[in-house]
Visitor: 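Pasting in a structure now, in structure tokens, and then I'll have a few things to ask.
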Amino acid sequence: MKFTITGSLGNISKPLVQTLVSAGHQVTVISSSADKIKAIEELGAKPAIGSIDDIDFLTKAFTGADAVYTMCPPSFSAQDYRAYIAGTGSNYAAAIQASGVKQVVNLSSIGAHLSDGTGPIKGLHDVEQLFNKLEGVAVKHMRPAYFYINLYGNTDMIKHAGIIGANYSESATLVLVHPQDIAAAIAEEIQQSFTGKSVRYVTSDVRKTAEVATALGTAVGKPELKWVEFTDEQALGGMIDAGLPEEIAKNYVEMGTAIRSGVLWEDFYANKPVYAAIKLEDFAKEFAGNF
């Protein structure tokens with residue numbers, strides 16, 4: 001089969017490309033960086049270098065594909081993060097329709113069933129709605145949970161303050177997933193035929209934040225590590241002090257409030273998801289190796 005993959009060689013796209021090439025498929029990888037050409041070719045895939053803001057480029061890259069994988073890359077320069085994500089989705093939708101692609105696997109997020117109050121995720125809600133209006137196109141929305149690798153953002157806090165935390169408590173639940181498990185689920189979906197518009201949740205583990213602190217702390221030789229709850233104001237200030245633009249920081253604080261209330265996970269639980277392979281303790285070992 002012929003697949004076009006967005007996301008360059010990111011945390012999900014790279015293992016996805018490796019899986020699809022190993023299965024004997026023809027894979028085109030979209031990247032904005034010509035520096036990635038060699039690495040893409042070394043994986044056995046074909047590079048397509050251009051901007052996801054260029055609908056004509058996207059249309060050409062999608063044309064002839066049996067299926068495409070779409071993801072909206074983050075942008076710390078966006079002045080309106082929701083509008084940026086929705087705009088990227090709009091570009092993809094236009095190119096999908098123009099290219100005649102009939103099957104799409106789209107990277108969304110847990111919580112994308114909600115139209116507001118979820119920070120960066122609400123833009124992915126908008127993308128789902130756009131894709132659901134595509135006529136004659138089957139779409140599988142992948143809704144992964146909170147990425148384990150986001151926890152790397154706490155490395156300096158753990159090293160220098162001896163704590164880990166966010167604007168939700170040690171009794172809050174985190175639904176977690178590893179990018180490798182996401183890639184495996186996408187590879188499974190994109191290689192099979194499906195119809196209509198549907199959703200698949202992808203998760204690796206569900207744990208309390210206190211358990212997250214214990215697992216990471218034990219792995220890095222700090223078994224006393226505790227999860228600390230910050231106020232929204234403290235969380236916002238900390239992110240800005242760490243170098244995040246205010247617009248991005250505000251979005252992540254808002255996502256934290258959705259985690260704190262538990263509303264982010266409600267539809268996930270209602271859909272009785274199947275759990276993937278990589279558990280918290282597995283990631284903790286990985287975390288320690290990069291600490």
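We number each residue from 1, following the sequence as shown.
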Visitor: Take Q18 and L43 through the test side-chain contact (heavy atoms from CB on, under 4.5 Å) and record every step on the way to the result.
Guide: CA-CA 6 Å; Q18 290 171 319; L43 291 179; 3.8 Å; yes

Visitor: So, does Q26 use its side chain to make a donor-acceptor pair with the main chain of K2 at under 3.5 Å?
Guide: no

Visitor: Start with the C-alpha gap between E246 and K250, add the side-chain angles, then the distance that decides, and say whether salt bridge (Lys or Arg N to Asp or Glu O under 4.0 Å) holds.
Guide: CA-CA 6 Å; E246 185 174 354; K250 285 181 176 178; 3.2 Å; yes

Visitor: For Q97, is the CD atom crowded, meaning more than 12 foreign heavy atoms sit under 6.0 Å from it?
Guide: yes

Visitor: Indicate yes or no for a side-chain donor-acceptor contact from S169 to the backbone of S171 under 3.5 Å, with no hydrogens or angles considered.
Guide: yes

Visitor: If we only count heavy atoms from C-beta on, is the S204 to L176 side-chain gap below 4.5 Å?
Guide: no

Visitor: Keeping T257 on the side-chain end and E254 on the backbone end, is there a donor-acceptor pair under 3.5 Å?
Guide: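 Checked: pair present.
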
Visitor: Are more than 12 heavy atoms from other residues, nucleotides or ligands located less than 6.0 Å from atom NZ of K279?
Guide: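 Counting other residues, nucleotides and ligands, NZ of K279 exceeds 12 neighbours.
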
Visitor: What about F131 and F194, same hydrophobic cluster or not, with Ile/Leu/Val/Met/Phe/Trp/Tyr joined at side-chain heavy-atom distances under 4.5 Å?
Guide: yes

Visitor: Assess whether side-chain contact (heavy atoms from CB on, under 4.5 Å) is satisfied between L107 and I182, documenting all intermediate values.
Guide: CA-CA 9 Å; L107 183 68; I182 303 170; 4.1 Å; yes

Visitor: Look at the side chain of K197 and the backbone N and O of V137, then say whether any donor-acceptor pair between them is shorter than 3.5 Å.
Guide: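 Pair found, side chain donor or acceptor close to backbone of V137.
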
Visitor: Using 0.5 Å steps for rounding, measure from the CG atom of N106 to the NZ atom of K140.
Guide: 12.5 Å

Visitor: Mind checking what makes salt bridge (charged side-chain N to carboxylate O under 4.0 Å, His left out) contact with D116, not counting sequence neighbours?
Guide: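 With neighbours one apart ignored, the set is R82.
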
Visitor: Specify whether Y275 and F268 have parallel, tilted or perpendicular ring planes, treating 30° as the upper limit for parallel and 60° as the lower limit for perpendicular.
Guide: perpendicular

Visitor: For the hydrophobic clusters of this structure (ILVMFWY residues joined by side-chain heavy atoms under 4.5 Å, transitively), does one cluster hold both L130 and M142?
Guide: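 In one cluster with L130: M142, yes.
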
Visitor: Just so I know, are the side chains of K222 and I158 near enough to count as touching, which here means a heavy-atom distance under 4.5 Å?
Guide: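 A side-chain contact under 4.5 Å exists here.
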
Visitor: Closest heavy-atom contact between S99 and T59?
Guide: CB-O, 3.6 Å

Visitor: Pick one: which of F230, W265, W227 meets ring pair (Phe, Tyr, Trp, His ring centres under 6.0 Å) with Y168?
Guide: W227

Visitor: Can you list the residues that meet the salt bridge (charged side-chain N to carboxylate O under 4.0 Å, His left out) rule with D205, with sequence neighbours excluded?
Guide: R207

Visitor: Could you tell me the separation between the CD1 atom of I110 and the CZ atom of R143, rounded to the nearest 0.5 Å?
Guide: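 The CZ atom of R143 is 9.0 Å from CD1 of I110, to the nearest 0.5 Å.
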
Visitor: Would Y84 and F76 count as a close aromatic pair, with their ring centres under 6.0 Å?
Guide: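 No - the distance between ring centres of Y84 and F76 does not fall below the 6.0 Å cut-off.
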
Visitor: Indicate the atoms forming the closest heavy-atom contact of N154 with G165, along with that distance.
Guide: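 Looking at all heavy atoms of both residues, the closest pair is OD1-O, 3.6 Å.
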
Visitor: Is a side-chain N or O of H178 found less than 3.5 angstrom from the main chain of Q180, in a donor-acceptor match?
Guide: yes

Visitor: Taking all atoms of both residues into account, what is the closest heavy-atom pair of S8 and V29, and its distance?
Guide: O-CG1, 3.4 Å

Visitor: Could you tell me whether the side chain of T231 and the main chain of Q234 form a donor-acceptor pair under 3.5 Å?
Guide: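 Yes, T231 side chain to Q234 backbone: donor-acceptor pair under 3.5 Å.
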
Visitor: Checking T218 side chain against T214 main chain: does a donor-acceptor pair fall under 3.5 Å?
Guide: yes

Visitor: Do you know which two heavy atoms are closest between C72 and V127, and how far apart they sit?
Guide: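 Shortest heavy-atom contact: SG-CG2, 4.1 Å.
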
Visitor: Once you round to the nearest 0.5 Å, how far does CD1 of I52 lie from OG1 of T88?
Guide: 4.5 Å

Visitor: Report yes if some heavy atom in the side chain of I121 is under 4.5 Å from a heavy atom in the side chain of L264; otherwise report no.
Guide: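 In short, these two side chains touch, coming nearer than 4.5 Å.
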
Visitor: Hey, can you tell me if F283 and Y148 have their rings parallel, tilted or perpendicular (30° and 60° cut-offs)?
Guide: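 Parallel: the ring planes of F283 and Y148 meet at under 30°.
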
Visitor: For side-chain contact (heavy atoms from CB on, under 4.5 Å), just list the numbers for L216 and V220, CA-CA rounded to whole Å, side-chain angles, deciding distance to a tenth of an Å, and then say yes or no.
Guide: CA-CA 6 Å; L216 297 185; V220 301; 5.7 Å; no

Visitor: Which residue, V175, N271, V274, forms the side-chain contact (heavy atoms from CB on, under 4.5 Å) with Y201?
Guide: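 The option that passes is N271.
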
Visitor: Using a 4.5 Å cut-off on heavy atoms from C-beta on, say whether the side chain of E188 contacts that of R200.
Guide: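 Yes, side chains in contact.
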
Visitor: Would you check if there is a donor-acceptor pair between the side chains of S33 and S31 at a distance under 3.5 Å?
Guide: no

Visitor: Kindly say whether H125 contributes a backbone atom to a donor-acceptor pair with the side chain of S108 at under 3.5 angstrom?
Guide: no

Visitor: Would you tell me whether Q192 and E189 have side-chain atoms, one donor and one acceptor, within less than 3.5 Å of each other?
Guide: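 Judged by distance alone, the side chains do pair up.
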
Visitor: Is I278 reachable from F147 through a run of I, L, V, M, F, W or Y residues, each pair having side-chain heavy atoms under 4.5 Å apart?
Guide: yes

Visitor: Do I85 and D126 come close enough that some side-chain heavy atom pair is under 4.5 Å?
Guide: no

Visitor: Could you walk me through whether N290 and E286 pass side chain to side chain donor-acceptor pair (under 3.5 Å), step by step?
Guide: CA-CA 7 Å; N290 294 294; E286 177 185 319; 4.8 Å; no

Visitor: Do the side-chain N and O atoms of K46 and T28 include a donor-acceptor pair separated by under 3.5 angstrom?
Guide: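 No, no side-chain donor-acceptor contact under 3.5 Å.
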
Visitor: Report the distance from atom CD1 of I40 to atom CD1 of I5, rounding to the nearest 0.5 Å.
Guide: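 Spacing of CD1 (I40) from CD1 (I5) equals 11.0 Å.
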
Visitor: Heavy-atom distance under 4.5 Å between the side chains of Y92 and V68, does that happen here?
Guide: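 Contact flag for Y92/V68 side chains = no.
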
Visitor: Say whether, by atom type as modelled, one donor and one acceptor occur between the side chain of E247 and the main chain of A78 under 3.5 angstrom.
Guide: no

Visitor: Are the side chains of F3 and Q191 in touch, meaning some heavy atoms are under 4.5 Å apart?
Guide: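 The answer is yes; the side chains approach within 4.5 Å.
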
Visitor: Would one find more than 12 heavy atoms of other residues, nucleotides or ligands at under 6.0 Å from atom CD of Q79?
Guide: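 For Q79, atom CD is not crowded (no more than 12 foreign heavy atoms under 6.0 Å).
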
Visitor: What distance separates I149 CD1 from F287 CZ, expressed to the nearest 0.5 Å?
Guide: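 It is 12.0 Å, given to the nearest 0.5 Å.
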
Visitor: For the NE2 atom of H141 and the CD atom of Q129, what is their distance to the nearest 0.5 Å?
Guide: 7.5 Å

Visitor: Out of curiosity, does M1 fall in the hydrophobic cluster containing I96 (side-chain heavy atoms, cut-off under 4.5 Å, transitive links)?
Guide: yes

Visitor: Is a side-chain donor-acceptor pair under 3.5 Å present for K208 with T173?
Guide: yes

Visitor: I'd like to know if the side chain of N132 pairs up with that of E128 as donor and acceptor (distance under 3.5 Å, no hydrogens or angles considered).
Guide: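 Short answer, no.
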
Visitor: In sequence, state the C-alpha distance, the side-chain angles, and the governing distance for I164 and T209, and then conclude on side-chain contact (heavy atoms from CB on, under 4.5 Å).
Guide: CA-CA 9 Å; I164 182 173; T209 50; over 6 Å; no

Visitor: Looking at S115 and K122, what are the two nearest heavy atoms and their distance?
Guide: O-CB, 3.9 Å

Visitor: Just so I know, are the side chains of I186 and M71 near enough to count as touching, which here means a heavy-atom distance under 4.5 Å?
Guide: no

Visitor: Does F291 belong to the same Ile/Leu/Val/Met/Phe/Trp/Tyr cluster as L280, with side-chain heavy atoms less than 4.5 Å apart forming each link?
Guide: yes

Visitor: If I compare all heavy atoms of A61 with all of T4, which pair ends up nearest, and what's the gap?
Guide: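 Shortest heavy-atom separation between A61 and T4 comes out as O-OG1, 2.8 Å.
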
Visitor: With ILVMFWY side chains joined below 4.5 Å, transitively, what does V263's cluster contain besides itself?
Guide: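 Taking Ile, Leu, Val, Met, Phe, Trp and Tyr as members, V263 shares its hydrophobic cluster with L114.
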
